[in-house]
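See below for the structure under consideration.
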There are 2 protein chains.
Amino acid sequence: MTAMAEELSLRERKKRETRQRISDAAMGLFMRHGFDKVTVAEVARAADVSVNTVFNYFKTKEELFLDRRDTAEEFLAELVRNRAPGVSAVRAIRDDFLDAVRTRHWRYGFNPGADWWHQMVADSPALTAAVTRLHEARQEKLAAALADEADADPDDLTPRLVAAQICATLIVLTEQAHRRRRAGEAWEDILADTEKKAERAFDLLEHGIGDYPERVR
Amino acid sequence: MTAMAEELSLRERKKRETRQRISDAAMGLFMRHGFDKVTVAEVARAADVSVNTVFNYFKTKEELFLDRRDTAEEFLAELVRNRAPGVSAVRAIRDDFLDAVRTRHWRYGFNPGADWWHQMVADSPALTAAVTRLHEARQEKLAAALADEADADPDDLTPRLVAAQICATLIVLTEQAHRRRRAGEAWEDILADTEKKAERAFDLLEHGIGDYPERVR
DNA sequence: CCACAATTTTTCAGTGACTACAAATTTGGT
DNA sequence: ACCAAATTTGTAGTCACTGAAAAATTGTGG
């Protein structure tokens with residue numbers, strides 16, 4: 001037993017290498033030809049493994065694409081749990097979102113390289129569905145975190161409702177940005193505008209949609 | 001030309017018959033064995049047509065299940081367009097929803113027979129994804145209607161945000177009801193409670209989620 | 001270093017949704 | 001009855017994904 005706790009067995013190392021090789025091969029092909037145009041068999045050949053080995057590491061073809069999921073599920077929940085004392089959940093997320101827009105950070109998909117990723121997702125119904133499931137998972141974790149923080153009854157719908165509305169707002173904001181990007185608008189212009197739009201969106205979230213569209217707000 | 005305008009040609013009648021026969025056969029099998037356990041080939045055999053004919057009428061297997069889609073896409077949009085003068089969009093939908101809960105109407109899935117339908121959707125990831133797409137379509141139509149009513153700029157996000165929040169609320173409310181149903185609770189109990197929960201949910205929607213969970217509301 | 005167990009990979013042989021296309025059938029009109 | 005158009009069917013295939021047994025690889029104890 002020469003291996004220390006941190007060292008990995010040969011087996012474990014090989015497994016990671018294989019997984020990485022498959023993921024890399026897949027990403028390369030996806031970037032060149034698009035998700036739907038690449039077959040799992042082609043990925044397998046490029047990674048020099050059998051098709052079954054691919055499915056051994058990735059349950060579905062979509063998982064190959066979402067392997068390095070920029071969409072950490074726990075992300076929003078953590079944000080709420082770690083917020084400064086006296087700060088509301090919406091405020092914490094609001095501030096974080098605006099900061100991400102201003103710094104073009106990837107955590108909400110506002111980095112320059114995120115373009116082709118969203119383009120690819122938009123082009124594939126299968127991927128879109130998979131991403132939607134990720135969003136749902138993210139929303140559920142947020143709801144759980146909110147329920148904890150408010151220490152609400154299990155049958156209190158409020159945390160679920162709040163989580164749903166926060167996530168809905170975030171999705172509308174990011175979707176809008178990427179829709180405009182796909183339409184050819186300049187990233188910088190979009191982001192500058194998104195910053196203003198986000199302020200408005202979070203105000204709406206905090207203060208309610210009231211009697212829209214009866215009264216001009 | 002003996003046919004009057006209202007009469008359908010033999011061809012048209014046969015097509016409708018065939019479509020109906022396929023849909024009926026599919027539903028019968030789905031109800032007996034579950035969506036995932038039934039193959040399109042079995043549906044075709046039960047309807048006494050070829051597999052290709054099934055796909056001639058229904059683009060996907062999911063469409064077979066959603067044929068009589070209780071989820072009319074224009075529904076919420078129409079509600080907003082036809083609301084009484086002086087009534088806000090949220091109010092119109094709130095009143096309609098509460099009415100539906102009280103009268104156990106199917107339009108939000110609150111009829112006694114809706115149980116197995118939601119059970120079946122919950123059991124099949126493919127169906128869940130398809131229903132999610134329907135919800136998205138419904139949300140977009142609502143957003144369009146709201147944009148019209150408010151006569152907003154095309155780049156004003158407000159109608160989209162309002163639509164997203166309304167739909168998110170409706171989904172949380174209905175999901176909750178059906179989750180409890182699947183857990184075995186009595187339909188009547190759930191509905192009575194949903195009525196109260198809905199009031200709370202729409203208040204939140206109208207007045208904002210504020211600084212939840214800092215302050216007990 | 002060898003035998004043996006555990007794990008991983010491959011091979012083989014499916015299933016099932018869905019597609020393209022040509023041939024066969026049915027219907028509409030004359 | 002005949003022709004053209006629409007509908008249905010058969011044939012053959014692609015692709016994601018599954019199951020199970022054989023084959024290769026790695027860990028382990030002697």
Side-chain angles (χ1 to χ4, degrees), chain A residues 1-5 7-23 25-26 29-30 33-67 123-130 133, chain B residues 1-5 7-23 25-26 29-30 33-67 123-130 133:
Chain A
M1 190 52 139
T2 65
M4 296 178 55
E7 289 176 14
L8 296 166
S9 66
L10 174 59
R11 206 164 240 165
E12 203 59 29
R13 250 190 304 128
K14 285 222 170 185
K15 274 179 72 171
R16 295 201 184 189
E17 274 172 27
T18 304
R19 187 199 173 88
Q20 193 58 45
R21 191 150 32 86
I22 295 171
S23 178
L29 290 172
F30 291 156
H33 306 118
F35 183 78
D36 290 328
K37 295 292 191 65
V38 176
T39 70
V40 176
E42 284 166 346
V43 172
R45 225 178 314 126
D48 201 44
V49 293
S50 76
V51 172
N52 278 35
T53 300
V54 175
F55 283 115
N56 191 7
Y57 286 100
F58 303 90
K59 275 194 288 294
T60 63
K61 186 185 175 188
E62 288 76 37
E63 255 188 40
L64 273 174
F65 186 84
L66 299 174
D67 188 27
D123 284 346
S124 162
L127 275 184
T128 305
R133 277 197 294 275
Chain B
M1 188 48 134
T2 63
M4 296 177 55
E7 289 177 15
L8 295 167
S9 66
L10 174 59
R11 205 163 244 167
E12 203 58 30
R13 249 188 307 128
K14 285 221 169 185
K15 276 179 71 172
R16 296 201 183 190
E17 274 172 26
T18 305
R19 187 197 174 89
Q20 193 58 45
R21 189 150 34 87
I22 295 171
S23 178
L29 290 172
F30 291 156
H33 307 116
F35 183 77
D36 290 329
K37 296 294 192 64
V38 175
T39 71
V40 176
E42 285 166 346
V43 172
R45 226 178 316 125
D48 200 44
V49 294
S50 76
V51 172
N52 280 20
T53 300
V54 174
F55 282 115
N56 189 7
Y57 285 101
F58 303 91
K59 277 196 287 293
T60 64
K61 186 187 175 187
E62 287 77 38
E63 255 188 41
L64 272 174
F65 185 84
L66 300 173
D67 187 28
D123 285 345
S124 163
L127 275 184
T128 306
R133 278 197 294 276

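Computed from a predicted structure; not experimentally measured. Note on naming: letters A, B, ... go to the chains in the order of the sequence lines (proteins, then strands), and numbering restarts at 1 for each one.
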Grab the [atom1]-[atom2] distance between [X] and [N] for me, whole Å please.
X: Phe58(B); N: dT19(C); atom1: CZ; atom2: P; value: 15 Å
X: Lys37(B); N: dT15(C); atom1: NZ; atom2: P; value: 16 Å
X: Arg13(A); N: dG27(D); atom1: CZ; atom2: C1'; value: 13 Å
X: Asn56(B); N: dA24(C); atom1: CG; atom2: P; value: 19 Å
X: Asp48(B); N: dG10(D); atom1: CG; atom2: P; value: 11 Å
X: Glu17(A); N: dT9(C); atom1: CD; atom2: C1'; value: 15 Å
X: Glu12(A); N: dA6(C); atom1: CD; atom2: P; value: 18 Å

Extract from the structure each pairing of a protein N or O with an N or O of nucleotides 15-17 of chain D at less than 3.5 Å, listing the distance.
from    : atom 1 : to       : atom 2 : distance (Å)
dA16(D) : OP1    : Lys61(A) : NZ     : 3.2
dA16(D) : OP2    : Val40(A) : N      : 3.1
dC17(D) : OP2    : Lys61(A) : N      : 2.7

Check whether any side-chain N or O of [X] sits under 4.0 Å from OP1 or OP2 of [N], and answer yes or no.
X: Thr53(A); N: dT10(C); answer: yes
X: Tyr57(B); N: dT7(D); answer: no
X: Lys14(B); N: dT26(C); answer: no
X: Lys15(B); N: dT7(D); answer: yes

### Task
Please name all residues satisfying side chain to side chain donor-acceptor pair (under 3.5 Å) with Glu63(B), sequence neighbours left out, ordered by chain then number.
none
### Query
Can you name the residues that form a side chain to side chain donor-acceptor pair (under 3.5 Å) with Thr53(B), not counting sequence neighbours?
Ser50(B)
### Task
Applying salt bridge (Lys or Arg N to Asp or Glu O under 4.0 Å), name anything that partners Glu42(A), two or more places apart in sequence or on another chain.
none
#### Entry: salt bridge (Lys or Arg N to Asp or Glu O under 4.0 Å) partners of Asp67(A), counting only residues at least two apart
Arg19(A)
### Message
Please pick, from dG27(D), dG28(C), dT9(D), the nucleotide with the shortest atom-to-atom distance to any side-chain atom of Val49(B).
### Response
dT9(D)
List every contact pair, protein side and nucleotides 21-23 of chain D side both N or O, where the distance is under 3.5 Å.
none

So, using side-chain contact (heavy atoms from CB on, under 4.5 Å) as the criterion, who are the partners of [X] when residues are at least two apart?
X: Arg11(A); result: Ser9(A)
X: Ala47(B); result: Arg21(B), Ile22(B), Ala25(B), Val49(B)
X: Asp36(B); result: Ser124(B), Pro125(B)

#### Entry: Atom pair CZ/OG1 of Arg45(B) and Thr39(B) - distance to nearest 0.5 Å
6.5 Å
### Task
State the CD-NZ distance between Glu17(A) and Lys14(A), to the nearest 0.5 angstrom.
7.5 Å
### Query
How about Phe58(B) and Ser23(B): do any of their side-chain heavy atoms sit closer than 4.5 Å?
yes
Between the protein and nucleotides 3-5 of chain D, which nitrogen or oxygen pairs are less than 3.5 angstrom apart?
from   : atom 1 : to       : atom 2 : distance (Å)
dA5(D) : N3     : Arg11(B) : NH2    : 3.3

#### Entry: Mutual orientation of the aromatic rings belonging to Phe35(B) and Phe30(B) [parallel < 30°, tilted 30-60°, perpendicular > 60°]
tilted
### More than 12 heavy atoms from other groups under 6.0 Å of CG on Asp48(A)
no
